[in-house]
Amino acid sequence: MKDISKILIANRGEIAVRIARACHETGITSVAVFSEADRSAKHVRYADEAYEIGPAPSVESYLVIDRIIETALKAGCQAIHPGYGFLAENPALPAACVAMGLIFIGPDADSMLLLGNKTEARKVMEKAGIPIITGAMEPLKSESEVLAAASETGYPVLLKAAAGGGGKGVRVVHSEDELLSAFRRAEAEALSAFGNPDIFLEKYLIDPRHVEMQILADNYGNVIHLNERECSVQRRYQKLIEESPCCMLDSAMRGRMGEAAIAAVKASGYTNAGTVEFLVDSSGNFFFLEVNTRLQVEHPVTEMITGIDLVKEQIRIASGEKLRFNQEDIGINGAAIECRISAEDPETFLPSVGYIRELVEPSGPGVRIESGISADYDIPVYYDPLLSKVITWGRDRQEAIARMLRALDEYKIKGVKTTIPFHRKILVDKGFVEGNYNTGIVARIEHHRTDNFLEIAAIAATIVAMNDEKVDFVSDMKQDDRWKLSGRMYGGIRSI
Amino acid sequence: MKDISKILIANRGEIAVRIARACHETGITSVAVFSEADRSAKHVRYADEAYEIGPAPSVESYLVIDRIIETALKAGCQAIHPGYGFLAENPALPAACVAMGLIFIGPDADSMLLLGNKTEARKVMEKAGIPIITGAMEPLKSESEVLAAASETGYPVLLKAAAGGGGKGVRVVHSEDELLSAFRRAEAEALSAFGNPDIFLEKYLIDPRHVEMQILADNYGNVIHLNERECSVQRRYQKLIEESPCCMLDSAMRGRMGEAAIAAVKASGYTNAGTVEFLVDSSGNFFFLEVNTRLQVEHPVTEMITGIDLVKEQIRIASGEKLRFNQEDIGINGAAIECRISAEDPETFLPSVGYIRELVEPSGPGVRIESGISADYDIPVYYDPLLSKVITWGRDRQEAIARMLRALDEYKIKGVKTTIPFHRKILVDKGFVEGNYNTGIVARIEHHRTDNFLEIAAIAATIVAMNDEKVDFVSDMKQDDRWKLSGRMYGGIRSI
Amino acid sequence: MAYEVYDGEHQLRVEASRLEVRPHDELFEVEIDGEKKIVSISRISPAHLSILLDGKSYNVEVERFGKKYQVTTRGEVYEFSVTDEREVVTTEKPQAGGRLVVTAPMPGLVVEIMCSDGDQVEAGQGVLVLEAMKMQNEITAPASGIITGISIEQGASVNSGDGLFVIEG
Amino acid sequence: MAYEVYDGEHQLRVEASRLEVRPHDELFEVEIDGEKKIVSISRISPAHLSILLDGKSYNVEVERFGKKYQVTTRGEVYEFSVTDEREVVTTEKPQAGGRLVVTAPMPGLVVEIMCSDGDQVEAGQGVLVLEAMKMQNEITAPASGIITGISIEQGASVNSGDGLFVIEG
């Protein structure tokens, strides 16, 4: 058992606050790091200690391993928690920790390296008897290899970066005449994003469900799963809404997927908290997708239905404790949903940066907020647009959905556009409400608006306009011009 | 099954918001009522509809049954929810509802009347075989009756108002020479508070624990209990912190108390949600105290460990549904604690009224807030000082306490003094942490302060003072004078 | 005073006059498309109004972006232009043969410039890529024409409203 | 400029000078009881400072009531008087043989007046009962003397700071 009484949190935003809260509750001293842009950010204020580690761009601060290790040592930390994103899946961080005598709260560098390589991971899983999607087992090195692999697999096929993740270097190809140009573009993208141009190929499943299993593995070979999460509400491979349990799983299928996930973890020698992602086709067949070797953004839905604080368990495992639970101890209590609230236009998903002028967070029965923002906060342009997550729990899925709608109605973030209106549309969608949806759901959601409250809205606008006429407009002139221009620009921007 | 699709909430503050949230989640239209002082209060903004019912003093607004009934009818409501306090235990409200064809969400007038009379309730419970505290079974009509009853019971004795509640008309008497003057003062107080001077007498238990059972009873004779709540952290019979489960109860004793509570409810013909309060002596004997014929302030701790939304169940029962649960369906999941946050000085408990300039509410894992306030809110002087409640859940009691301390650290209510510092002191008290406490705990808590952060606090005060020197003080002059005077007054006020 | 309120689809004429200022709210008489109503308005914060109308309670959030008002209530979002009736109403027409200054719609980093001064571009053609919040956003030509004044360089940081390039039609 | 900061028990001499104003914080050199420290202060809101000192992060809430500052950090509450060193420091002594105006410490309703003008009262004796937030609060005489100017009637509503009565010693 190693002593962990002081932890450096190598992250920012809501996840850094989440980890600091777990530290607060267990008497562990939390140490934040921050870039020049983040001096007044919530995670800096929340932690017990905080150290600046460089300029605003994350390549000069949150991604600089040496600065983070040096800060951890200087502050007298025993351990580093990477959160998600940034360095969380970079094997160089656990390697550097080991070299400097620090505990990395996560898996070791070897299993992270193995699972980070998608083709290597596929081979390990196939060997362990876990179903994988038909396709190439090795990176495709030439055009003839690509053509052969695609016609053997059958169209449509998906080109994927071997070193990849997050939708970069991914192309759907429907027929042979698109294949080679798509391959070349994917290679270029993979090289630029991951420094590695390796591309492989899988059968493209049309509108599958994305279902993943949360696992916990200690350093003594004990591995359990904490049930599944359904994450099919996605846009460009980015999850937007997650829930647990998944309505399509019965306990037999949950058992099979859980066993597959545990086998995947054991086969790769993985420890700590991780997630095994699967795609599930319309017949209920599931296929290994990848292992996320870290805490997930959506971990709270699992916490809500199991009552287990995953961050605290991560710390316990890293300190050398044995798992406190057997598989039989893990139940499912009710249902939980998470909505990711981003500073984005709810229709175009274009980023919306700005100053949070007013903030009212929802609460009451069954509502949990994980937030990285506060009132009077200027959102930096340098980082991810995720502002916060709303998680609701209900005795059943219907209650969880009703509470989410209530929570979103109560949530007021003024100053920037957020994805709250988008989430409301999904939550009242018939397919979603019935649990009958897949990764195609976002594409078919319509952004229509009702005119139910048009009159009251018009009255409110008029009253505010009347009042505004009394104030001096000079300071607003620039904003006004800007508005006109961005009005003209409408439709002239697309996220790529 | 009667249709309930629109409910008038005859209350204000956090409980009115709580009920409106349950309506929101179940598709029921909520109707708020408000006094002239409450136009901009949170419950008015939260509800779907809102109607003014009179001037600020509650006797001219929230307590005027006719106005409330009239408003419910005008708005087309089928039902009235009374919350707690105000009219919640006044049998005239359910009687008026019945007369006007409205559903009262609570018990009928007869059982409310019976249980509201403490001596009648004692008789019913004794007959039903439920242990009651030794003492008089009838109101004491003369000084000789009082003297006889007290010497038969043995000192110390407790004088109590038969029609009473909330600590009014209550006197502890330690010896015969104090008895008659205490009796006369109690009679006068009871007459003024309840319009009924009847006083009875019980053996005074020294520092018992206060343990109560939550019950649900439908209109078809089905009654279940939802476990106990420990409410021994009290000051002047006002609960300050509540938790569930109670650490001193094992499942056998829980079963016995649950059976007694169910018997009490059946004996009085009571329906809907209610609470049977018991005192428990140091040997673990429990005695009937009273039945609260309404939702309790502390109902959320029960919701957290059972997963049952009590307000929704109240509405279901009132609409004529059968109970959805058997006793076997009710488990205990983890542990929950509630702290009541009041606008009071944390040491003297004197009210602190004012303007809420800034509000930051805690959140994260296991934290729930039930609040009646918002930022930029002027707390009216006319009503109860309860601002909000913080409820935390943990896998065990230790985690619930750790989360409560975290939540209280995160909670910022600026502009008024609150009881948050008081709660922190209780939560770190050795007796409380060990679960070894009783109703004597508040009296022995010391309000000492550490000097750990004296320097940083002094630096902060200096920096703010430097900055303040630049602003014009004219508008603060009055406040300044006030401060000096209230400084002089220190120790010159006592709550009575 | 009367206002024209326009959401891109519906045009409403709204006239509001303050009847009474009370401690916790203001009463207005509002005439909307010819119908008169009494409305109680309580301004909870600069962006947040509580409105009571015929007993209905609305929490309404109003944010101003230039002359546009974005109004949110009960989950619906409306975007209005509000014009004083007396103002001269000029419909902004797309400028033919004119000069169009394109500005940054958000702060960000210019990661790529795909055109040079003098290039002929079609409406919708990508001109440069602006990175903000880890997302790459392509800024496209709002009209066909010739790029004339690219005023930034690759790698530059720009603020919202900064000029990016000019298109001459 | 140096300040004397006093919490009723400890007297601290604090001198702070602003070294640098940066986009997200201000750097101060603070000398406290002879020791010099560099402190980063970020003012999150009027009542809320984020302070970094030797790597430690403190969320500090400062509220001013008159010349007193109530400071809350990490669950501890301190109450300070902050005095400019140059100010003449006069200790407020209890006035002997003087005139003491007693004002309402909170808004409320006067529900009972137990004394009349001309009554001799002892320090601590109840004079009237003020009801606020459903609680009855007895206002007692802060010093012994004769009640001279009861300026309110039973049933009256008073605001914080309103005069209630006068005691002449």
Side-chain angles (χ1 to χ4, degrees), chain A residues 14 17-18 20-27 42 45-46 299-300 303-312 324-325 331 333-334 358-371 374-376 388-396 398-407 409-410 412, chain B residues 14 17-18 20-27 42 45-46 299-300 303-304 306-312 324-325 331 333-335 358-371 374-376 388-396 398-407 409-410 412:
Chain A
E14 67 86 17
V17 175
R18 167 72 188 88
R21 279 175 167 150
C23 292
H24 189 309
E25 292 175 14
T26 47
K42 191 171 174 181
R45 293 183 271 125
Y46 201 96
H299 76 278
E303 296 183 322
M304 301 295 268
I305 62 151
T306 61
I308 293 171
D309 187 314
L310 286 168
V311 177
K312 291 182 192 164
R324 304 191 299 156
F325 312 103
N333 178 31
E358 196 180 335
L359 179 68
V360 179
E361 292 180 344
S363 193
V367 177
R368 167 176 166 186
I369 305 293
E370 294 292 341
S371 168
S374 43
D376 298 310
S388 68
K389 308 179 305 203
V390 183
I391 306 103
T392 57
W393 179 90
R395 211 176 154 74
D396 50 33
Q398 189 191 348
E399 186 171 59
I401 294 174
R403 285 186 168 155
M404 183 61 80
L405 281 165
R406 168 175 77 70
D409 281 356
E410 294 179 13
K412 300 187 195 314
Chain B
E14 66 87 17
V17 175
R18 167 72 189 89
R21 279 177 166 148
C23 292
H24 189 308
E25 291 175 15
T26 49
K42 190 170 173 182
R45 294 183 270 127
Y46 201 97
H299 76 277
E303 296 183 323
M304 301 295 269
T306 61
I308 293 171
D309 187 315
L310 286 168
V311 176
K312 291 181 191 164
R324 306 189 297 157
F325 312 103
N333 179 29
E358 195 179 335
L359 179 68
V360 179
E361 292 180 345
S363 194
V367 177
R368 165 175 168 188
I369 305 294
E370 295 291 341
S371 169
S374 43
D376 298 310
S388 69
K389 306 178 305 203
V390 182
I391 306 102
T392 56
W393 179 92
R395 210 173 156 78
D396 51 33
Q398 191 192 346
E399 185 171 59
I401 293 174
R403 284 186 169 155
M404 182 61 81
L405 280 165
R406 169 175 75 71
D409 281 356
E410 292 180 13
K412 302 188 194 312

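All figures in this text were calculated on a predicted structure; none of them were measured in a lab.
- Counting heavy-atom pairs under 4.5 Å between each of B:R21, B:R368, B:R18 and chain A puts B:R21 at the top.
- Annotation: side-chain hydrogen bond (donor to acceptor under 3.5 Å, both in side chains) contacts of B:K312 (sequence neighbours excluded): A:E399, B:E25.
- B:K42 pairs by the side-chain hydrogen bond (donor to acceptor under 3.5 Å, both in side chains) definition with nothing, not counting sequence neighbours.
- Contacts with chain B were tallied for A:I391, A:I308, A:V360, A:I401; A:I308 has the most, counting heavy-atom pairs under 4.5 Å.
- The most heavy-atom pairs under 4.5 Å with chain A, out of B:G307, B:G364, B:A375, come from B:G364.
- For B:E410, the part sitting under 4.5 Å from any heavy atom of chain A is the side chain, from C-beta outward, and nothing else.
- Between chain B and the residues A:E358, A:M404, A:H24, the largest count of heavy-atom pairs under 4.5 Å involves A:H24.
- No other option in A:E303, A:E370, A:E361 has as many heavy-atom pairs under 4.5 Å with chain B as A:E370.
- Looking at A:R403, the atoms closer than 4.5 Å to chain B (heavy atoms on both sides) sit in the backbone and in the side chain alike.
- Taken from CZ in B:R406 to OH in A:Y46, the straight-line distance is 5.0 Å, to the nearest 0.5 Å.
- The most heavy-atom pairs under 4.5 Å with chain B, out of A:G366, A:A402, A:S371, A:P365, come from A:P365.
- Interface remark: B:L359 contributes no atoms to any contact with chain A (heavy atom separation under 4.5 Å).
- Interface residue A:T306: only backbone heavy atoms are found under 4.5 Å from chain B.
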